[in-house]
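Each remark here refers to the structure printed beneath this line.
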Amino acid sequence: MTEIDHLTAGGSSASLTERYGSAMMNSFGRPKAVFVRGEGCHLWDADGRKYLDLLAGLAVNALGHAHPLVLSAITSQLSTLGHVSNFFATPAQIALAERLVAMTGTHAKVFFTNSGAEANEAAFKITRLTGRQRIIATEGAFHGRTMGSLAITWNPAYREAFAPLPADVTFVPYGDTAALAAAMDDTVAAVVLEPVQGENGIVVPPPDYLDNARELTTAHGALLWLDEVQTGMGRTGELLAHRPGGQGWAADLITVAKGLGNGFPIGACLATGDTAELLEPGNHGTTFGGNPVAAIAGLAVLATIERDDLLAHTREVGDHLARQVTAMDHPLVSHVRGRGLLRGIVLHEDVAPQLVEAAQVAGFVINAPRPNVIRIAPPLVITMAQLDTFLEVLPQLLDQVQIPKESP
Ligand SMILES: *Cc1c(COP(=O)(O)O)cnc(C)c1O
């Protein structure tokens, strides 16, 4: 207990939701719950109800809530040295940068940020330093909400009110090598892709798509920029989704964030080869990015993924989920897609938001990135038995939703 605990203590979900509505800008709509505590894969709301967390703070809490190593690492770092700005270096920041560089399997360097969008901003600025401007992005892509990351994000509803955005972005259909090839020429600075499209509903491209993108960008002297903000850090059963088993080529620019800090805000832009040398003093900056507390959180996450063999566990539990849902053979379910513990359950009808509500009433947190897609992205530490508690009720939840009537 501390002397400021009374500032947040007490209050029902209803009263807190009302205060939220008065004090918070309405950018996220009405909150679906007010959570007061988390432990492992479980959350508790302000009314004392317990939930199984199958969303993990949007693919963030890889080790679940209140993970002992993250907790002790952050506490120890904060009590030793909390923040110094980027005029100075810290051992935590250097060690995490080295750990991320090792993931690329090649010469690389790191720029730390506080979020995914900021990591993409850094990457965007680096593409301009090539002397070229044109960026090729993909239909359905999501890269964040800042002006630069929005410029390469597809959803018109997110973009329209904010025009003009940084220019010279061409969108091509995702997963379509021929369309990408047709859009390429020697004016292209970079091609930006998600290895699996997350916000678009866990869309997995054909198996050769990333290799083809690598070949096409190399042939045209353009950078390949992979946004691994959602797919990276173990979520897909790999540290980087585009380097399965830690093998093969690395992209020129790689952005990561979500899972890296287990909820402590941190992102990173990695650049490999000559691209690693493009940023020079004065080109870019950040006050908080790479803060030692955030960096130690990242180190604790990566050390735990390795120590507990969580990549193999993620693949195993993710495959179990896909098999079980497929075996249910429920008439509403079309198919399951995704990798590791980034899975989309694709429905035949636009009832995913209804299913999210029904699941919450039953004590499960899931989400609907698209009207017909449920996203399952639990902590990577989830056990089969925990996941099975959801799989057991899923058929009943699916039976509960009302199919919208065809309009005449
Ligand atoms: C979430 C996400 C972002 C944005 O990250 P923020 O931390 O919300 O800024 C960018 N790219 C992808 C692929 C994401 O899923």
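Counting convention: from 1, in listed order, for ligands and their atoms alike.
- A perpendicular orientation is assigned to the rings of Y51 and F35, their planes being inclined by more than 60° (bins at 30° and 60°).
- With 3.5 Å as the limit, one finds no donor-acceptor pair spanning the side chains of N120 and S149.
- Electrostatic pairing of E238 and R339 does not count as a salt bridge here, judged by no charged N lying under 4.0 Å from a carboxylate O.
- The residues lining ligand 1, counting any heavy atom closer than 4.0 Å, are S115, G116, A117, N120, F142, H143, G144, E194, D227, V229, Q230, K258.
- In this structure, Y174 has its ring center under 6.0 Å from that of Y209.
- For N200 and W154, the side-chain atoms include no donor-acceptor pair closer than 3.5 Å.
- Remark: the H42 side chain and the D53 side chain contain no N/O donor-acceptor pair separated by less than 3.5 Å.
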